[in-house]
Amino acid sequence: MMCGAAVIFAAALAVFPQQGREARTPTTDETVAVARGARLTVENFAGEVVIKAWERDSLRVQARHDSRAKVNIRTTAAGVAIRTDNQARGSVDYEISAPAWMAIKVVGTYNFITVEGSQSEVSAETTRGDVVIKGGTGSIVARSIQGEVIVEGVRGRLTASSINEGVRITGASGDISAESTNGDITLTQIKSQNVEVSTINGDVQFDGQLTDRGRYRFTTH
């Protein structure tokens with residue numbers, strides 16, 4: 001019974017991340033220099049991660065969290081890894097400013113993820129929470145089990161999926177693969193020669209250019 005209560009408590013924290021953000025000033029505020037080619041990895045169990053691109057070759061991390069939690073910002077030759085110690089004490093909300101050229105990976109459980117303005121690869125995966133990616137080039141991954149997936153203005157190879165919610169893709173160019181189990185999939189302003197869309201218990205809508213040598217597959221059950 002105690003384990004079930006702990007899970008429900010963590011889920012509740014993630015469902016209402018804004019409630020905590022309004023009441024708390026940043027507990028962590030740190031800026032580190034990064035070299036071109038470095039990658040950013042963020043692991044956040046519960047809360048919200050908002051990453052916005054800027055033109056500086058530095059990374060600013062602002063986090064709102066319980067005073068007993070500790071945000072660990074580790075710099076290596078490969079890039080910067082961010083995670084929170086003692087995450088069971090509550091949710092952590094991140095606001096991160098990252099170079100536009102920096103590849104980004106965010107993973108979490110009860111986590112809402114937003115990435116805006118990137119000009120590099122982006123990967124965002126969560127179990128419960130929405131995923132929003134605006135911008136990105138190369139390999140783009142957006143996955144949620146209990147949350148809506150929204151992708152805008154990406155270029156490259158896109159993989160997007162959700163269970164129990166919908167997938168919306170706008171202004172994308174390149175190969176696209178989209179899946180949903182109990183949700184609609186909507187694609188608008190698409191420029192692609194390779195599109196594969198599959199959903200169970202949902203509608204499929206497509207608006208875009210169809211090329212002579214393109215491959216387009218749309219499936220719904």
Side-chain angles (χ1 to χ4, degrees), residues 10 13-14 17-127 129-144 147 150-158:
L13 287 172
Q18 295 292 338
Q19 204 168 26
R21 288 186 60 197
E22 292 176 357
R24 295 183 293 182
T25 58
T27 308
T28 298
D29 191 344
E30 184 174 341
T31 301
V32 296
V34 290
R36 285 190 173 266
R39 304 176 67 88
L40 171 63
T41 302
V42 181
E43 297 181 33
N44 190 36
F45 176 73
E48 184 176 25
V49 177
V50 177
I51 302 176
K52 295 184 178 180
W54 64 1
E55 297 304 317
R56 305 176 188 177
D57 289 335
S58 60
L59 185 75
R60 184 181 182 185
V61 180
Q62 295 176 285
R64 296 172 172 84
H65 53 81
D66 189 283
S67 60
R68 293 170 294 180
K70 178 177 174 55
V71 173
N72 185 1
I73 304 173
R74 185 166 59 94
T75 303
T76 67
V80 180
I82 302 171
R83 62 176 300 167
T84 308
D85 298 329
N86 300 324
Q87 292 177 354
R89 297 184 185 278
S91 65
V92 179
D93 296 326
Y94 285 97
E95 293 183 8
I96 301 174
S97 299
W101 51 259
M102 197 173 203
I104 295 170
K105 180 178 181 180
V106 184
V107 294
T109 304
Y110 302 101
N111 210 27
F112 289 74
I113 303 171
T114 301
V115 181
E116 295 184 9
S118 174
Q119 299 174 12
S120 186
E121 297 181 351
V122 178
S123 177
E125 300 186 45
T126 184
T127 301
D130 297 340
V131 173
V132 179
I133 297 177
K134 298 181 179 181
T137 303
S139 176
I140 310 297
V141 177
R143 293 193 177 106
S144 178
I150 301 172
V151 181
E152 300 179 3
V154 303
R155 296 178 297 165
R157 185 174 66 257
L158 169 62

Can you name the closest pair of heavy atoms from G135 and V122 and give their distance?
O-CG2, 4.4 Å

Of all heavy-atom pairs between A124 and I133, which one has the smallest distance, and what is that distance?
CB-CD1, 4.2 Å

Restricting to non-hydrogen atoms, name the atom on S118 and the atom on S120 that form the minimum distance, rounded to 0.1 Å.
OG-N, 3.1 Å

Any donor and acceptor pair, going by atom type alone, linking the side chain of T126 with main-chain N or O of N111 inside 3.5 Å?
yes

For the residue pair I51 and L40, establish whether any side-chain heavy-atom pair is separated by less than 4.5 Å.
yes

Check E95 with K52, please: is the shortest side-chain N to carboxylate O separation under 4.0 Å?
no

Test salt bridge (Lys or Arg N to Asp or Glu O under 4.0 Å) applied to R39 - qualifying residues, sequence neighbours left out:
E121

Decide yes or no for M102 and L59: does some side-chain heavy atom of the first lie under 4.5 Å from some side-chain heavy atom of the second?
yes

Summary of salt bridge (charged side-chain N to carboxylate O under 4.0 Å, His left out) pairs that have at least one residue in residues 129-144, sequence neighbours excluded
E125-R143

Is the shortest heavy-atom distance from the side chain of V106 to the side chain of N44 under 4.5 Å?
no

Heavy-atom closest contact (S144 atom, G129 atom, distance)
OG-O, 2.7 Å

Side-chain (S91) to main-chain (A46) donor-acceptor, under 3.5 angstrom:
no

Going by side chain to side chain donor-acceptor pair (under 3.5 Å), name the residues that satisfy it together with W54, two or more places apart in sequence or in a different chain.
none

Between CD1 of I96 and OG1 of T114, what distance do you get to the nearest 0.5 Å?
11.5 Å

Set of side chain to side chain donor-acceptor pair (under 3.5 Å) partners for N72, sequence neighbours left out:
none

Going by the rule salt bridge (Lys or Arg N to Asp or Glu O under 4.0 Å), which residues pair with R60 if we only count those two or more places apart in sequence or in a different chain?
D29

With sequence neighbours excluded, residues passing side chain to side chain donor-acceptor pair (under 3.5 Å) with R157:
none

Measuring only between side-chain heavy atoms, which start at C-beta, is W101 closer than 4.5 Å to D57?
yes

In short, A53 meets A100 closest at the heavy-atom pair CB-CA, 3.8 Å

Only residue of V50, T28, I82 satisfying side chain to side chain contact (heavy atoms under 4.5 Å, CB included) with Y94 is I82

What pair of heavy atoms forms the shortest contact from A38 to G79, and how long is it?
CB-CA, 3.7 Å

Measure the spacing between NZ of K105 and CD of E43 and express it to the nearest 0.5 Å.
8.0 Å

